[in-house]
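For clarity, every value in this text was computed on a predicted model and none was experimentally measured. So that the names make sense, note that chain A is the first sequence line, chain B the second, and so on, each numbered from 1.
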Protein chains: 2
Amino acid sequence: MQIEEAKQKFVQAWGALGSQWGINKTMAQIHALMMLSKEPLSTEEIMEELSISRGNANMNIRELIDWSLVSKVFKQGERRDYFVGEKDVWKIAKQVAKIRKTRELDPILKLLDEIKQIDTDKKDEESKHFQKMVGDVHKLALNVDRLIEGIFKAEESWFWDKILKLFTK
Amino acid sequence: MQIEEAKQKFVQAWGALGSQWGINKTMAQIHALMMLSKEPLSTEEIMEELSISRGNANMNIRELIDWSLVSKVFKQGERRDYFVGEKDVWKIAKQVAKIRKTRELDPILKLLDEIKQIDTDKKDEESKHFQKMVGDVHKLALNVDRLIEGIFKAEESWFWDKILKLFTK
DNA sequence: TTAAACTTTCAAAAACCACTGAAAATTCAT
DNA sequence: ATGAATTTTCAGTGGTTTTTGAAAGTTTAA
């Protein structure tokens with residue numbers, strides 16, 4: 001396998017992974033390209049490499065900027081915009097976790113909290129079971145929330161070191 | 001808020017959560033209904049509660065059975081099939097993690113391994129950078145893999161206890 | 001064996017989502 | 001100011017996924 005082929009595979013794989021994780025395929029592919037390129041890339045180059053339209057490239061680059069995974073850079077004497085992607089894989093993972101937590105986990109936690117308030121004095125079987133299930137889900141969601149919060153603050157090597165030891169000890 | 005309203009909200013929320021996580025909305029909603037019901041449910045009851053067609057109900061119930069989140073039960077003297085959903089939230093989470101790991105993480109790990117073999121002797125900057133990025137992603141993916149494997153074996157309270165202590169100590 | 005009860009299948013329709021491409025808006029150099 | 005270069009927008013198109021509903025298939029009781 002040659003390097004160009006390997007790059008293609010990486011970009012494809014990143015796109016597939018992205019779409020399984022709620023990230024637009026093209027957005028993930030653009031990000032993959034940028035991870036692999038030390039040099040900033042222009043919209044033209046991205047359109048070219050992925051064979052996509054200008055509109056598509058533009059929209060997804062902006063979305064990546066919104067996610068703070070890509071930033072604009074200005075090239076000396078050049079008029080067009082160039083972009084660089086975040087290359088620290090740990091930072092990328094944390095950033096994705098942060099955004100998805102805000103968009104998905106936080107609202108669920110809020111809702112579960114609300115639902116728990118309801119109907120708390122009912123003593124019939126149905127209500128008790130409902131309370132138990134909501135409570136169980138809420139507990140798990142809270143723990144996941146704390147885990148993610150912990151990850152945000154953690155340094156990568158420390159975190160994996162501790163986790164691995166947890167399971168071997 | 002009355003209990004019926006609360007149930008509706010829970011089912012809706014579960015559906016939304018599911019679709020953000022690559023699980024069909026209806027499939028997630030059916031599972032939510034089953035978590036909340038102590039009694040087994042029939043296809044008819046599910047169609048009714050969610051206002052969906054028979055075909056849709058049938059397909060998604062079977063998918064849930066494939067995921068081992070729901071099982072068929074036979075009701076004494078009843079002809080039609082009834083179904084019960086897994087209610088242990090930790091087991092549910094582990095089961096979803098297991099299936100998604102097999103479908104998504106494992107193939108990615110395999111591919112990254114393959115890609116790493118390529119082009120290893122090249123000494124130019126581009127190749128070196130490519131090798132580094134692929135290696136970094138691979139390392140993270142391996143660690144996530146080990147974490148998930150650890151979770152499979154862990155008992156819930158033990159796991160969260162250890163994790164929480166990790167971050168507070 | 002028959003027929004009613006029930007389940008499964010699947011082609012077509014509907015709903016959903018991403019992409020294109022060209023026009024409008026913006027930026028920059030002269 | 002003017003126009004060339006570049007970016008942004010968005011209505012329309014096209015592709016994918018989900019859902020429907022009715023027909024085919026299966027099971028059970030009599």
Checklist entry - Is M59(B) isolated, or which residues cluster with it under the ILVMFWY side-chain rule of less than 4.5 Å, directly or via members? => result none
Next on the checklist: Per the salt bridge (Lys or Arg N to Asp or Glu O under 4.0 Å) rule, what does the pair list look like for residues 133-148 of chain A, sequence neighbours excluded?
Outcome noted: K101(A)-D145(A), K132(A)-D136(A)
Next on the checklist: For dT8(C) and N58(B) - does any side-chain N or O of the residue sit under 4.0 Å from the phosphate oxygens OP1/OP2?
Outcome noted: yes
Item to check | Test applied, side-chain contact (heavy atoms from CB on, under 4.5 Å); reference residue, L112(B); option that passes from L140(B), V137(B), L142(B) | outcome: V137(B)
Item to check | Contacts of K38(A) that satisfy side chain to side chain contact (heavy atoms under 4.5 Å, CB included) - sequence neighbours left out | outcome: E125(B), H129(B)
Checklist entry - Reading nucleotides 17-22 of chain C 5' to 3', which nucleotides get B (base under 4.0 Å from a protein heavy atom), which S (sugar-phosphate only), which -? => result -SSBB-
Checklist entry - By the rule that ILVMFWY residues connect when side-chain heavy atoms come within less than 4.5 angstrom, directly or transitively, which residues belong alongside V84(B)? => result V73(B), Y82(B)
Checklist entry - Is D161(B) paired with K165(B) through a side-chain N to carboxylate O contact shorter than 4.0 Å? => result yes
Checklist entry - Of all nucleotides in DNA chain D with an atom under 4.0 Å from a non-hydrogen atom of chain B, which is the first and which the last going 5' to 3'? => result dT18(D) to dT28(D)
Item to check | Where at least one partner belongs to residues 46-58 of chain B, residue pairs that pass side-chain hydrogen bond (donor to acceptor under 3.5 Å, both in side chains), sequence neighbours excluded | outcome: E44(B)-R54(B)
Checklist entry - Please walk me through it: do E126(B) and K7(A) pass salt bridge (Lys or Arg N to Asp or Glu O under 4.0 Å)? => result CA-CA 11 Å; E126(B) 198 196 3; K7(A) 278 194 183 182; 2.5 Å; yes
Item to check | Any residue meeting side chain to side chain contact (heavy atoms under 4.5 Å, CB included) with A13(B), in chain and number order, not counting sequence neighbours | outcome: I108(A), L111(A)
Item to check | Non-neighbouring partners of K116(B) that pass salt bridge (charged side-chain N to carboxylate O under 4.0 Å, His left out), sequence neighbours left out | outcome: none
I'd like a list of close polar pairs between nucleotides 24-30 of chain C and the protein, N/O only, cut-off under 3.5 Å.
residue	atom	partner	partner atom	Å
dT27(C)	O2	R79(A)	NH2	2.7

Next on the checklist: At a heavy-atom distance below 4.0 Å, what parts of residues 32-40 of chain A sit against DNA chain D?
Outcome noted: none
Item to check | D124(A) with K128(A): basic N within carboxylate O range, under 4.0 Å | outcome: no
Checklist outcome for this item: salt bridge (Lys or Arg N to Asp or Glu O under 4.0 Å) pairs touching residues 55-79 of chain A, sequence neighbours excluded, are K72(A)-D81(A)
